[in-house]
Amino acid sequence: MKGKKKPEPAYVPAPWSRRGFAYLLDGYLGSAFSVIPVGLLWNMLTEEVVINTDLTLFDAPYGWLAGFLGLVFGAVYYYVIPMWVWKGQTLGKRLMNLRIVGEDNNPLPAGRLAVRQLAGVMLLEGAFLLTGQYAVQMLTMLTLGAAGKALNYLLFGVFIVSVWLAYRDGKAAHDIWAGSKVIDNK
């Protein structure tokens, strides 16, 4: 049967319950991973045993360094791992057996994955993630406090809209921006 094409495998959209749980897992795990350099730097500088996540409490220029390192560690979790380690999967998605793909069901290219994960998940929808808070705190330090509260409200608004979109259409804002979707990986 040489002339026949193999049928395309059926891709099932990710169930809302598992996708939501994967998002919560990733929020927790990504935040925990991004706090590692911030907490270590705080402990080394102050000799305290508590972990501080407030960059504005660091003496200059260490708040900037801590924020930069926290964002880099967050980028490793949210971007490097799904790009090169577990194609299309963060740890949360892997545990929930889900995968990020493009609208064409192919792996998401690096640039579109960056839009989805770095710009969308980590920063714009990062109202409850430490990576989003690090970005807000760094902007607060840059503007001497003028923009911090307003940016927090904006991030919270973007998060609410994204959750509403995901519930209504099955695609969060970061999926719309990147032309991606989350599928059941079974």
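The first residue in the sequence is number 1, and the count goes up from there.
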Verdict with reasoning, Leu55 to Gln133, per side-chain contact (heavy atoms from CB on, under 4.5 Å):
CA-CA 9 Å; Leu55 304 178; Gln133 289 306 303; over 6 Å; no

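- Here the side chain of Asn106 pairs no donor or acceptor atom with the backbone of Val101 at under 3.5 angstrom.
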List the steps and the verdict of side-chain contact (heavy atoms from CB on, under 4.5 Å) for Ile100 and Arg116.
CA-CA 10 Å; Ile100 303 163; Arg116 183 189 195 281; 3.5 Å; yes

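- Taking the six-membered ring for Trp and thresholds of 30 and 60 degrees, Trp84 and Tyr79 have ring planes more than 60 degrees apart, a perpendicular arrangement.
- The shortest distance between side-chain heavy atoms of Pro15 and Asp184 falls below 4.5 Å.
- The distance from the OH atom of Tyr78 to the CG atom of Leu129 is 4.5 Å, given to the nearest 0.5 Å.
- Cluster annotation: Ile51 is connected to Tyr28 through the hydrophobic network of ILVMFWY side chains, with a link wherever side-chain heavy atoms come within less than 4.5 Å.
- Between Leu98 and Ala14, the shortest heavy-atom distance links the atoms CD2-CB, 3.5 Å.
- The CE atom of Met122 sits 12.5 Å away from the OH atom of Tyr77 when rounded to the nearest 0.5 Å.
- Val85 is connected to Phe33 through a chain of hydrophobic side-chain contacts under 4.5 Å among Ile, Leu, Val, Met, Phe, Trp and Tyr, so both are in one cluster.
- Across Thr131 and Gly70, no two heavy atoms sit closer than the pair CG2-O, 4.4 Å.
- Side-chain contact between Leu65 and Leu41: present, with at least one pair of heavy atoms (C-beta onward) separated by less than 4.5 Å.
- Atom CD in Gln137 sits 13.5 Å away from atom CG in Leu142 (nearest 0.5 Å).
- Residues Leu118 and Val80 share a single hydrophobic cluster, defined by chaining ILVMFWY side chains whose heavy atoms lie under 4.5 Å apart.
- Here the shortest heavy-atom pairing between Val38 and Phe58 reads O-CZ, 3.6 Å.
- Within the model, atoms CG of Leu24 and CE of Met96 stand 10.5 Å from one another, a figure rounded to the nearest 0.5 Å.
- Here Thr90 contributes atom OG1 and Tyr23 contributes atom OH; the two are 11.0 Å apart, rounded to the nearest 0.5 Å.
- Using a 4.5 Å heavy-atom cutoff, the side chains of Val115 and His174 are not in contact.
- When every heavy atom of Ser31 is checked against every heavy atom of Leu130, the shortest pair comes out as OG-N, 3.1 Å.
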Under the side-chain contact (heavy atoms from CB on, under 4.5 Å) criterion, do Thr53 and Tyr134 qualify, and how do the steps go?
CA-CA 8 Å; Thr53 61; Tyr134 291 155; 4.3 Å; yes

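- Within a 6.0 Å sphere centred on CG of Asp59, heavy atoms belonging to other residues, nucleotides or ligands number 12 at most.
- No side-chain heavy atom of Gln89 sits less than 4.5 Å from a side-chain heavy atom of Ile81.
- Grouping the Ile, Leu, Val, Met, Phe, Trp and Tyr side chains by contacts below 4.5 angstrom, directly or via other members, places Ile36 with Trp42.
- With hydrogens and angles ignored, the 3.5 Å screen pairs no side-chain donor or acceptor of Arg112 with any backbone N or O of Gly102.
- Residues Asp54 and Thr56 share a closest heavy-atom pair of OD1-OG1, 2.5 Å.
- Between Ser180 and Leu108, the shortest heavy-atom contact is CB-CD2, 3.7 Å.
- Rounded to the nearest 0.5 angstrom, Arg18 CZ and Leu25 CG are separated by 12.5 Å.
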Pair Lys93-Asn185, side-chain hydrogen bond (donor to acceptor under 3.5 Å, both in side chains): steps then yes or no
CA-CA 9 Å; Lys93 284 183 180 48; Asn185 199 39; over 6 Å; no

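- Between Leu91 and Trp86, the closest side-chain pair of non-hydrogen atoms falls below 4.5 Å.
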